[in-house]
Structure formats: C-alpha cells, structure tokens
Amino acid sequence: MTILIVGGSGLLGAELVRQAAAGGRTTAATFATRPGTTPEVAWHALDLRDTDRVEAVMAEVSPRVVVDATSGGPDWTVTAEGPVRLAMAALKRGSRLVHVSSDAVFSGARVHYDESCLPDPLTPYGAAKAAAETGVRLVHSGAVVARTSLIIGDRRSEHVRAVHDLAAGTRTGVLFTDDIRCPVHVADLAAALLELASSDLSGTHHLAGTDAVSRHELGTLIARRDGLGASRLPAGLRAGSAFPGPLDVRLDCRATQHRLRTRLRGAREFLAPAT
C-alpha cells in the first residue's frame, strides 16, 4: 500500500514519513521548499495552489492513502482551498484521505469541544481551517478530518524553540497563563493519524493530549525537560492583549481514543524529565 504524506518536510509530516517508512509502507511525500532526508522515500515538489500539479503528483504516486499534514497559516489559497483540491484528486483516484485540522476552528466560548461541535473560529487561520474541513468533507465523504492541538517535539517544534529562545533571552515576549490548550506529542499524533489512515473510519476525530495546560505551564514543562531555567520564562495574560484568538480550547478526544490503540499522552507525562 502506497501512502502519500503531503507536507512531509514539516514537523508532523517528517514524523509521519519516518513512522510510515519504518513500518514498511511504500512511502512518498511532498515538500514546498526542501525535500526531507528519510531514506527510500520518493519526494515530490508540490504547491497546493496549483491544481495541475496536485493532479500530476497524484497520478505519478497513485497512493492508496493520502495524509494531508500541510500548514499554510492564514493563507486562504493554501490552507482553505488547497486541501479541497487534494480531496478532489483523492476522490477521483479512489484514494483514502486523512486531513489534519486544528483546534483553531473553535472560539473557546464553550471550552470543552467534542467531535460533534461545529466550528466557530475567531481568527483568519481558524476560518481557513474550518473552511478546509467543510470543503474536504463535502467533496470526499469518506475522508477523515483529524483535529489536533499544539504539536510538541524537539527543537523543530515552534513552541519548543520559543521556550529555548525566551529562556536564553534571545526573544522578547511572554508565555500566557490564561491561554490553555491540550498539547500532543508529535510521535503520538503521527502514530494515531497512521492508525486512522489504515482503518475504515471516516468523519471528524479529535487527537490531542489528555492534559489541559496553559502556555506558561507548557513552557515550564519544556524548560524542565530540556534542562533550562524555567524561572526565567516571562509570564503574562493574553486577555486584554493585542493577540487575537480564543483563550481556552480543550479538545475532548475520548470518543476517538476509544477507537484507537495509540495512546495520546498528556503534556505532563511526555514532557516529564528522564529519570
């Protein structure tokens, strides 16, 4: 079975590529600027804004499964429209599709969100991700939409880099104590996505960690794991600041976790210092 990882050179994409290849799957991956380095993986340049290129890559790879792990930020043509182009191409070729979405589709008004909750985004990025969810599901009814939260790994993770830079004094800013999410480890997330890709499940699924933590607590956990001075991390409140977006968004993953073998650990567990 050939699997195509779209966005394979990013943090999540690279872990998906690594795990898929290590599991013996015939693996292909796409990149926007620079291919990855995983051996025995076929790399293809792809801009999701280019319908012809999407069709060409799909025709060349002929994947049984496609996992879309791209992140175009608030760029509507990439983040909202690109996954729909991919869904159309996947449906045309009979390929299974797993589309990775985000908790940014929610406003935080109800705090706890399960898979039945409808998007109510506050930011351009959240609106683009919500539009992609809707388009993908309308075009490809058998697709999986997998919402996740802050993705944590090594220094390739933007959240980990920010903590290192703040602790070193090379970046200004604060870590908010009232901005709460359910971070997930990149290895757990990739394993869960590949498990969904190999299943016959469809629809919306939530894949996040079990611990709801603030950005500041998350930073403290990262600093302690990495041997940094946690006391040097500046704290502040997001409420009333110039930063838009929801404050408290917690993905309820119990329904999805019940269907998976992969255990989605909480941040307090996967960031615990080695003993």
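In this structure a side-chain-to-backbone donor-acceptor pair under 3.5 Å is missing from E60 to E55. With hydrogens and angles disregarded, a donor-acceptor distance shorter than 3.5 Å links the side chain of S157 to the backbone of I151. Side-chain atoms of S202 never come within 3.5 Å of backbone atoms of G142 as a donor-acceptor pair (strictly under, hydrogens ignored). Listed for the E40 side chain is no donor-acceptor partner under 3.5 Å among the backbone atoms of A21. Looking at T220, its side chain never comes within 3.5 Å of a backbone N or O of A230 through a donor-acceptor pair. A donor-acceptor pair under 3.5 Å is absent between the side-chain atoms of H44 and the main chain of A56, judged by distance alone.
Atom OG of S214 is separated from atom CG of D178 by 8.5 Å, given to the nearest 0.5 angstrom. We find the CG-CE distance between L97 and M88 to be 13.0 Å, quoted to the nearest 0.5 Å. Note that the OG1 atom of T51 and the CG atom of L86 stand 11.0 Å from one another [nearest 0.5 Å].
Checked options D68, T30, V65, V67; the residue passing with L4 is T30 (criterion: side-chain contact (heavy atoms from CB on, under 4.5 Å)).
Connection of V144 to V66 is not established within any shared hydrophobic cluster, with ILVMFWY side chains joined at heavy-atom distances below 4.5 Å, either directly or through further cluster members. A single hydrophobic cluster is not seen to contain both L189 and I152; linkage of ILVMFWY side chains at heavy-atom distances under 4.5 Å, directly or through other members, places them apart. No single ILVMFWY cluster, assembled from side-chain heavy atoms under 4.5 Å apart, contains both V105 and W76.
Salt bridge R263/E269: present, at least one basic N to carboxylate O contact under 4.0 Å. D47 has no carboxylate O lying under 4.0 Å from a charged side-chain N of R53, or vice versa, which leaves the two without a salt bridge. Ion pairing between a basic and an acidic side chain is recognised when a charged N comes within 4.0 Å of a carboxylate O; E158 and R161 show no such pairing.
Using a 30° and 60° split on the angle between ring planes, Y113 and F106 fall in the parallel class, below 30°.
Listed by chain and number, the residues in a side chain to side chain contact (heavy atoms under 4.5 Å, CB included) with L201 are R96, L196, S199, H205, R259 (sequence neighbours excluded). Taking R224 as the reference, nothing meets the salt bridge (charged side-chain N to carboxylate O under 4.0 Å, His left out) condition, with sequence neighbours excluded. Partners of R181 under the side-chain hydrogen bond (donor to acceptor under 3.5 Å, both in side chains) rule, at least two apart in sequence or in another chain, are D179. Among residues two or more places apart in sequence or in another chain, the side-chain hydrogen bond (donor to acceptor under 3.5 Å, both in side chains) test is passed with R225 by none. Legend: residues meeting salt bridge (charged side-chain N to carboxylate O under 4.0 Å, His left out) with R232, ordered by chain and number and at least two apart, are absent.
Within a 6.0 Å radius of CZ in R156, other residues, nucleotides and ligands contribute more than 12 heavy atoms.
T256 and E115 are linked by a side-chain donor-acceptor pair at a separation below 3.5 angstrom, with hydrogens and angles left out of the test. Side-chain N/O atoms of H112 and R250 include no donor and acceptor closer than 3.5 Å. With no hydrogens or angles considered, no side-chain donor-acceptor pair links T38 and R18 at under 3.5 Å.
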Please assess K129 against R147 for the test side-chain contact (heavy atoms from CB on, under 4.5 Å), listing each intermediate value before the final yes or no.
CA-CA 10 Å; K129 295 298 282 187; R147 296 182 184 131; over 6 Å; no

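Residue pairs meeting the side-chain hydrogen bond (donor to acceptor under 3.5 Å, both in side chains) criterion with at least one member in residues 117-127, sequence neighbours excluded: S107-D120.
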